[in-house]
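Contents: one structure, followed by commentary.
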2 protein chains.
Amino acid sequence: MSSRSGGDAFPAGPVRWLDEREQRVWRRYLLMTSQLTAQMNRQLAADAGLSLADYEVLVRLTDVPTGRLRVTRLARELSWEQSRLSHHVSRMARRGLVAREECADDGRGALVVLTEHGRATIEHAAPAHVAFVRASVFDALTDAQVDTLDAILGSVLSGLR
Amino acid sequence: MSSRSGGDAFPAGPVRWLDEREQRVWRRYLLMTSQLTAQMNRQLAADAGLSLADYEVLVRLTDVPTGRLRVTRLARELSWEQSRLSHHVSRMARRGLVAREECADDGRGALVVLTEHGRATIEHAAPAHVAFVRASVFDALTDAQVDTLDAILGSVLSGLR
DNA sequence: TTAAGCTAGATGACATGTCAAGCAGATCTG
DNA sequence: CAGATCTGCTTGACATGTCATCTAGCTTAA
């Protein structure tokens, strides 16, 4: 459990505990997200030797024609902290998936570039990954459920900022 | 992006790429879950020096009257891998939140026990954490949305096993 | 132009998670 | 009851994330 119901050992205070239904939904939310992430990671690792994080980075790079992006821009696209990306790029570079390049415009800047190996790897990985997402998520839901999910994600996200 | 639309650089094959709407929902799903987790972690860390994982462990232990559980049982309740739990218990024990105890029934077994400090910590952490979850999630959703979410979680989860 | 302050990135320290291997105590079977 | 096997748990190696800090290159304004 990740939350408490009322009437237990904790002081009641002004806290509105989650009711039975909310607790069930919340537990299932935590379970579902962790399982789904874990399975995507395992599927990608088995199929292409990638983590989901690797995959996300590679996809952003294939999205631009030049296959290269400034570090800060890439971090923003991914909604990652800049230092996380910096560490991750180092690891991916060690594996030959991307490379760093100096930035002509700005002496401080750095570009992350998709390598040939990186491109080949994501092109190999994408079909099975998309198939997995489709099978696990979209094929399991009705159109109306997807619409509601979209609305839910929007509401929660706008509250988080 | 975590998935591809059709008609791009990848071989088409028999793959059904995600359409525009599916892509948008999927991106938002990944964004929302990572943001929500990050913010829960930060809130818990700031308020009580706990990670969400610590919190989950402590809650399971407070759920049983004796405040102690076998390692395997606790791992199952959390849906964690056993070795993850073992590492995590070591770290929590170092901080005095839990302790290990031998198991009388089974010489191989081990019990994880909530300490006084652990109990005090979760009792301090729970109200603000629940308030955060309520404010971020449940207060942002209508009753009908929560029902649909429950159904979605159920569908996806049953497909994942 | 030059010092103050800002910005882009990298890095070190450390928490966390995964996988594979190890180990000792049960259990099973001939 | 002895060896084979299974089980419960721990450990080591290593990938990943976060936070705080550092460096060097921009920008600004007196």
Side-chain angles (χ1 to χ4, degrees), chain A residues 30 33-46 48-57 68-95 97-113, chain B residues 30 33-46 48-57 68-95 97-113:
Chain A
L30 292 173
T33 55
S34 61
Q35 304 275 73
L36 186 52
T37 302
Q39 293 204 22
M40 287 191 292
N41 269 301
R42 273 194 276 268
Q43 184 270 317
L44 273 169
L50 294 177
S51 66
L52 187 54
D54 299 330
Y55 186 89
E56 294 288 321
V57 169
R68 72 199 61 209
L69 283 171
R70 283 288 291 270
V71 169
T72 298
R73 173 77 190 289
L74 184 49
R76 184 159 36 80
E77 301 267 342
L78 291 162
S79 303
W80 283 12
E81 289 181 17
Q82 202 262 334
S83 101
R84 174 184 176 186
L85 179 58
S86 189
H87 281 300
H88 207 88
V89 164
S90 300
R91 292 185 295 253
M92 291 179 75
R94 207 182 309 138
R95 292 188 289 149
L97 294 166
V98 299
R100 273 190 236 261
E101 233 175 52
E102 286 185 2
C103 178
D105 316 5
D106 189 332
R108 300 162 299 182
L111 291 165
V112 183
V113 194
Chain B
L30 292 173
T33 55
S34 61
Q35 303 276 72
L36 186 52
T37 303
Q39 293 204 23
M40 286 192 293
N41 270 300
R42 274 194 274 268
Q43 184 270 317
L44 272 169
L50 294 177
S51 66
L52 187 54
D54 298 331
Y55 186 88
E56 293 289 321
V57 169
R68 71 199 63 208
L69 283 170
R70 282 290 290 271
V71 169
T72 297
R73 174 76 189 286
L74 183 50
R76 185 158 38 79
E77 302 266 342
L78 292 162
S79 302
W80 283 11
E81 287 180 18
Q82 214 250 0
S83 98
R84 174 184 177 186
L85 179 58
S86 189
H87 282 300
H88 206 89
V89 164
S90 300
R91 292 187 294 256
M92 291 179 75
R94 206 182 312 136
R95 292 189 288 150
L97 294 165
V98 299
R100 272 190 235 263
E101 233 175 51
E102 287 185 1
C103 178
D105 315 6
D106 188 332
R108 300 162 299 181
L111 291 165
V112 183
V113 194

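Sequence lines set the chain letters: A, B, ... in the order given, protein chains first and strands last, and positions in each chain run from 1. Quick caveat: nothing in here was measured; it's all calculated off a predicted structure.
Between A:Val89 and A:Val98 there is a side-chain heavy-atom pair separated by less than 4.5 Å. Using a 4.5 Å cut-off on side-chain heavy atoms (C-beta onward), B:Val113 and B:Leu69 make no contact. With contacts defined as side-chain heavy-atom distances shorter than 4.5 Å, the pair B:Ser90/B:Arg100 qualifies. The shortest distance between side-chain heavy atoms of B:His88 and B:Trp80 falls below 4.5 Å.
The pair B:Arg42-A:Glu81 meets the salt-bridge criterion, since a charged nitrogen lies less than 4.0 angstrom from a carboxylate oxygen. Of the charged side-chain nitrogens involved, none lies within less than 4.0 Å of a carboxylate oxygen, so that B:Arg70 and B:Asp105 do not count as a salt-bridged pair.
In this structure, A:Arg42 reaches the sugar-phosphate backbone alone: every heavy-atom distance under 4.0 Å involves primed, P, OP1 or OP2 atoms, never a base. Contact annotation for A:Ala53: backbone-only contact, meaning every heavy-atom pair under 4.0 Å involves sugar-phosphate atoms and none involves a base. Among the atoms of the strands shown, only primed sugar atoms or phosphate atoms (P, OP1, OP2) are found under 4.0 Å from some heavy atom of A:Asp106.
For the pair A:Glu101 CD and C:dG9 C1', the interatomic distance rounds to 16 Å; values are reported in whole Å. Following rounding to the nearest Å, A:Gln82 (CD) and C:dC6 (C1') show an atom-to-atom distance of 15 Å.
OP1 or OP2 of C:dG9 sits under 4.0 Å from a side-chain N or O of A:Arg70. Close to C:dT27, at under 4.0 Å from its OP1 or OP2, lies no side-chain N or O of B:Arg108. A sub-4.0 Å separation between OP1 or OP2 of C:dT16 and a side-chain N or O of B:Ser51 is present. The shortest distance between the side-chain N/O atoms of A:Arg100 and the OP1/OP2 oxygens of C:dA10 is below 4.0 Å.
For the pair B:Thr72 and A:Asp105, nearest-nucleotide mapping onto DNA chain D gives the more 5' position to B:Thr72.
Within a heavy-atom distance below 4.0 Å of DNA chain C, the residues of residues 83-94 of chain A found are A:Ser83, A:Ser86, A:His87.
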